[in-house]
Amino acid sequence: VDGNLRKPVPPVAWEVLLITLLAAWRAWCHPFALLWRDWFFLLCLFWIFTALASRKRAWPYVAGALMGGLLVIYGLGQLPLTFAVLGLGR
Amino acid sequence: MILGVLAMLAANGAVALGARMLLARVAVGREAVDFVLFLLLRLLLISAVVLLAGCAGGLTAAVLGIAGAAATALLLALGAHRGLRRPDLEGWDRWLIGLAAIVAARLLIQAWFLAPYHDDTLGYHLPKIAEWVRGGGFGRELGPDPRSTFPAGFELIETWWVVFLHRDVLIEMAGVEFLLLAGAGAYALAREMGWSSKSASIASMFFVLTPGLHLQATSCFNDGPVAALVVATAALILARVPPALILIPVGLGIGTKPTFAYALPGLAVIAFLCRREPASGVPSSRAAWAACAAALAVGATWYLRNWAIHGNPIHPMGWEGMKSLGGGSTLQRMGPSFRSLQENLTGFLDIRVYDRIHPPNAAGAGNLNWGAAAFAIGAPALVALVRAEIPLRRLAIGLVVSMLSVFALVEYDIWYTRFILFVPVLPALALGRLWERHRIVAVLASVALASELLGTCVPGAVPEEVLRHLVSVPVSARAARPLPERLAAGAPAGYFVDHYGRSYLLYGADYSRRVVYLREQTLEGLRSSLRAEGLTTFYAGVGRAGALILEDGVRRGVLKPFVDRGWTGYEVVDAK
């Protein structure tokens, strides 16, 4: 990701370590079986991936896959409620 | 009615021209920031005018209309209209302009068809407006809710939208004004970060369509306005305008709701992180400080009033916070708490962020109400961008600090997430930025946008019969619930209350009915007041203490209960 890089970003190793600790904390205090759809945990994993591979060609594909997956997770929970308010899908 | 419309046009013309004239003295020369300043100055002028008119007993369409016409003529003679030009929409895609027009038209339709519907507004915020408009000025009666003495800056703007027509059909326009400010603030933030007008306009659109924020605009809640003022303050800080101008939204915000003050630590962090950036100059620092003083005075009014009347600027809160008179639970805490921070953060991450408890709603019930775009597209985009974009990183650090500060200062309850409606500006900004760079982001965000357009059509968590009633009654009688059948037109309505109650509805949509509040703490006192007011029936919105008095009256045969169109009422038996 290109940006307004007037100052160096924090050293990647420290950044990855910090986010890994956050992800580990989340994994520790959240049911393991539900981690695959945990918003915060997935964002932590994506942060680590971005820190390590933001300039790789795979980055947009991984980002798109994550966004699409989160969209499905959100939609499955919220859309039925929205449709019900609009009187659809009864 | 026609005279009311003319008075409204004249007064709105005056505040718009007045704000423009003031802006000429404090503009920084960058269109996006100056538009935010214009909106803030307009809100400041309206607040000041309603406050002054309310204190002077001139809060009527005639007084405000004549004064507005005179001020408009004077401002036109002074040339306040010169140099008016169309807004610069260069860089805005056509589809985006079309979408903005559709959303604006839908907001007008929502404002027209909706009437205040949430119990919290019907008992807490709005009865004071009915009293002000009926009395043509401020009085001591503020309504049944003990919290009605809290700051009422947003109610000033709502009063502006009802005083001319002497009815509440346009009351939601006050929230729409603040939604415009929220969008303008997001746009200015993006532009100040050096982003294109296309990115800025997309970010602004996504922020405005954040379900919680959007539905707040037509709900008469004041949390959306607070979020708009936080975002506007952040935009002014990032733009490095003089401190006097930054204090304008701060004054208005503190006068709107104390939760604005809870967000101040994060705003201070943004100012600290941006301290080395070049500052923006203004033509007249004297004008900037005058506007700042006016905004701080408007914001401080409520605290000074409470201090003068009750000896406590934050009455009815004390050092121990505020407890529910009904159940004794803590409604609002005083000071930060690690337990609150932990509970609110856990609720945010474990439950609320998924928005799967309720449909999108204004009250924040059960959900975060940030919408699909923020959850699925904006958040990952923010992760990517915050690493590389220094201004966005500063903003994100500041707003996250604000969010944590709010979490530490409010109790964990079903509605607490509506106090952080300023945070989704971050994913909205990130989404706007990545939209231009990656086609996949634009495609997925379009799907999310469609879901948010659907989700913001109708406020959720509102009973279906209320919605049906709203669209079925003529505008002259539009209210969320029908009034009791036995309530004669024009006759006063008695309302026995010991803490909460939706008394606003009893005033009528045209504020034609006097509401007599009965706050006696004994049955004899209540009967005596009823006799003095000549009331033979009354309605009740009481908790445990009031219910005991009423039960006593029924047991002794002096009160006869009835239910009329969902209203619990009592007939005074010995009055016949």
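Counting heavy-atom pairs under 4.5 Å between each of B/V462, B/L349, B/I440 and chain A puts B/L349 at the top. Among B/C457, B/G455, B/A379, the residue making the largest number of heavy-atom pairs under 4.5 Å with chain A is B/A379. The candidate with the highest count of non-hydrogen atom pairs below 4.5 Å against chain B, out of A/I73, A/L79, A/L76, A/L70, is A/L70.
For A/L71, the parts lying near chain B are the backbone and the side chain together; criterion is any non-hydrogen pair under 4.5 Å. In this structure, chain A has a heavy atom under 4.5 Å from the backbone of B/I357, while its side chain stays farther away. In this structure, chain A has a heavy atom under 4.5 Å from the side chain of B/V386, while its backbone stays farther away. At a 4.5 Å heavy-atom cutoff, the contact between B/N367 and chain A is made by side-chain atoms alone.
What you find for A/T50 and B/A384 is that their closest heavy atoms are CG2-CA, 4.1 Å. Heavy-atom minimum distance, A/W59 versus B/H438: CZ3-NE2, 3.7 Å. Here the closest non-hydrogen pair linking A/F83 and B/L454 is CE2-CD1, 3.7 Å.
Applying a 4.5 Å heavy-atom cutoff, the residues of residues 17-34 of chain A that approach chain B are A/W25, A/R26, A/H30. At a heavy-atom cut-off of under 4.5 Å, chain A is reached by B/V447, B/A448, B/S451 from residues 445-453 of chain B, listed in order of number.
Residue-environment remark: CZ (A/R57) stays at or below the threshold of 12 foreign heavy atoms within 6.0 Å.
A distance-only check finds no donor-acceptor pair linking the side chain of B/E464 to the backbone of A/V85 [under 3.5 Å].
Looking at heavy atoms from C-beta onward, A/D38 lies in side-chain contact with B/Y354 at the 4.5 angstrom threshold.
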Next on the checklist: Determine whether A/Q78 and B/N369 satisfy the following criterion, side chain to side chain contact (heavy atoms under 4.5 Å, CB included), listing intermediate values before the conclusion.
Outcome noted: CA-CA 10 Å; A/Q78 174 53 225; B/N369 288 313; 5.8 Å; no

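A distance of 10.5 Å separates CZ in B/R356 from OH in A/Y74, rounded to the nearest 0.5 Å. Summarising the geometry, atom CE belonging to A/M67 is positioned 12.5 Å from atom CZ belonging to B/F375; distances are rounded to the nearest 0.5 Å.
Ring planes of A/W39 and B/F348: perpendicular class, angle over 60° (limits at 30 and 60°).
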